[in-house]
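Note that ligands are numbered from 1 as they come in the structure, with each ligand's atoms numbered from 1 the same way.
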Amino acid sequence: MQTNFSETQLADPEIAVANDILRSCVHCGFCTATCPTFVTLGDELDSPRGRIYLIKDMLENNRPAGDEEVLHIDRCLSCLSCMTTCPSGVNYMHLVDHARVHIENTYRRPLADRFLREVLARILPYPNRMRAALGLARLGKPFAFLLRGETMLLRRLRAMLNLAPAKMPAAQSLGGTVHKPVGEMKGRVALLAGCAQQAIGPSINTATISLLTRLGIEVVIPAAAGCCGALVHHMGRHEEALAAARRNVSAWSAENLDAIIVNTSGCGTVVKDYGFLLRNDPMGGQAAEISAKAKDISEFLLKIYEPTQTAPAMTVAYHAACSLQHGQQISAPPKILLRKAGFTVVEPKDAHLCCGSAGTYNIMQPEIAASLRRRKLDTLKAKAPDVIAAGNIGCLTQLAGDGVPTVHMVELLDWMAGGAKPAALRSSH
Ligand code: SF4
Ligand code: SF4
């Protein structure tokens with residue numbers, strides 16, 4: 001694609017990167033067919049190619065974001081399905097990240113929108129605040145019917161209440177802990193404990209630590225490490241995202257580690273991008289090293305996992321989180337591991353399409369998210385599974401509550417290696 005940035009514009013390293021990405025797009029449109037928002041809405045401006053044109057026009061003309069760009073870029077899930085499909089290797093992720101920062105810096109959102117985004121940015125990255133908010137949401141859930149009306153704010157508030165779990169798990173605080181391996185030590189890793197995950201899915205970290213230590217791996221969770229920054233990064237809050245990245249790079253660099261293990265693939269995609277995010281920062285070198293050491297739990301387990309139990313006859317529908325299959329290009333390892341554990345693994349039709357979770361997307365874009373959820377659940381349930389497994393807490397929350405238990409794949413692997421049966425399965429099998 002031809003671009004027309006001036007020399008002055010290209011002197012800005014961020015614009016220079018955007019220019020390179022734009023020029024790599026040959027506007028063939030192959031990406032449209034695999035874009036969930038284009039498939040759902042049928043509007044070219046809700047396709048990757050349409051968004052690329054909008055971003056190009058906005059950046060080239062060096063103008064503030066307008067309503068049209070914000071509407072269509074906000075609707076993008078950052079699922080990165082387009083990157084898997086694109087034959088020209090267009091780095092849509094870095095382009096849309098840049099566009100989101102430009103929107104945040106140049107566009108004044110309506111008051112209700114600003115308020116909600118501020119609340120989400122101040123609560124979600126902090127497990128204790130999130131637990132408190134979910135506790136309040138649970139109390140408010142029976143009164144959701146009072147939020148009648150079709151303003152966007154009310155629809156978003158209803159979506160938030162719907163996400164509150166029926167039962168709150170026990171609080172988990174892993175910061176500053178070290179978990180010794182069972183038997184001979186074969187490696188030492190840091191675990192990114194996650195923020196939402198510690199609040200709503202603590203059993204995932206418990207199973208990860210249980211499995212890794214049983215396989216001879218020491219697991220540390222440095223007190224100084226925290227949220228990976230993905231939530232604010234996807235809101236275009238660049239400085240907050242950089243601060244989160246710097247804090248984690250510093251905390252992990254102080255440890256002697258073989259790997260940084262991430263069991264929430266949405267976070268893993270961002271940690272693997274720290275090297276790029278901090279490329280112009282004094283910590284850039286360290287950040288690149290940390291990104292190179294970051295591994296999804298399925299990648300890390302691939303060579304060392306050994307089940308010790310005989311699996312019950314169970315069909316596991318594997319839902320591939322976008323951040324794992326598109327963001328990190330990891331498709332086979334989770335399925336290989338689940339089969340090795342003894343389960344029958346099935347996959348839904350259109351496995352490349354997002355379930356609609358996508359960070360805060362299911363709150364900010366409740367209708368599109370609900371439509372994608374329904375489609376994903378229908379295709380998963382068409383395979384008659386006993387359980388749905390995924391590698392990302394966001395997807396598990398999005399797909400819960402429709403009659404089929406949802407578990408993180410590491411919980412199933414840990415169970416078959418002598419760990420506890422996943423709580424979601426305790427009334428069955
Ligand atoms: S598939 Fe790639 S090159 Fe083709 S329009 Fe989409 S982003 Fe551009
Ligand atoms: S990231 Fe996903 S939703 Fe956004 S343009 Fe690409 S395929 Fe479409």
Going by an N to O cut-off under 4.0 Å, is there a salt bridge joining [X] and [Y]?
X      : Y      : result
Lys272 : Asp296 : no
Lys376 : Asp350 : no
Arg109 : Glu118 : no
Glu347 : Lys383 : no
Glu69  : Arg63  : yes
Glu104 : Arg100 : no

Quick test: of every protein heavy atom, which one is nearest to [atom], and how far off is it to 0.1 Å?
atom                    : result
atom 2 (Fe) of ligand 2 : Cys79 SG, 2.3 Å
atom 8 (Fe) of ligand 2 : Cys35 SG, 2.3 Å
atom 6 (Fe) of ligand 2 : Cys82 SG, 2.4 Å

- Item | Evaluation steps, side-chain hydrogen bond (donor to acceptor under 3.5 Å, both in side chains), between Gln328 and Ser323 | CA-CA 6 Å; Gln328 300 179 48; Ser323 41; 5.5 Å; no
Looking at ligand 1, is there an atom of it that comes within less than 4.0 Å of some heavy atom belonging to [X]?
X     : value
Gly29 : yes
Pro87 : yes
Ile52 : yes

Contact partition for [X] relative to ligand 2, non-hydrogen atoms under 4.0 Å:
X      : value
Phe38  : neither
Cys354 : neither
Arg51  : side chain

- Query: Does Cys76 bring an N, O or S atom to within less than 2.8 Å of atom 4 (Fe) of ligand 2?
  - Reply: yes
- Message: As a quick check of understanding, evaluate side-chain hydrogen bond (donor to acceptor under 3.5 Å, both in side chains) for Ser81 and His352, giving each step before the final call.
- Response: CA-CA 7 Å; Ser81 175; His352 62 280; 5.2 Å; no
- Message: Taking 2.8 Å as the cut-off, does Cys31 contribute an N, O or S atom near atom 6 (Fe) of ligand 1, distance below it?
- Response: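 Checking Cys31: at least one N, O or S atom is under 2.8 Å.
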- Item | Location of contacts on Cys28 toward ligand 1, heavy atoms closer than 4.0 Å |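 Answer for Cys28: both.
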- Query: Given the rule in the side-chain hydrogen bond (donor to acceptor under 3.5 Å, both in side chains) test, do Asp273 and His94 qualify, once you have shown the distances and angles that lead to the verdict?
  - Reply: CA-CA 10 Å; Asp273 206 37; His94 289 160; 3.0 Å; yes
- Which option out of Ile21, Leu22, Val26 puts a heavy atom nearest to atom 3 (S) of ligand 1?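 Shortest heavy-atom distance from atom 3 (S) of ligand 1: Val26.
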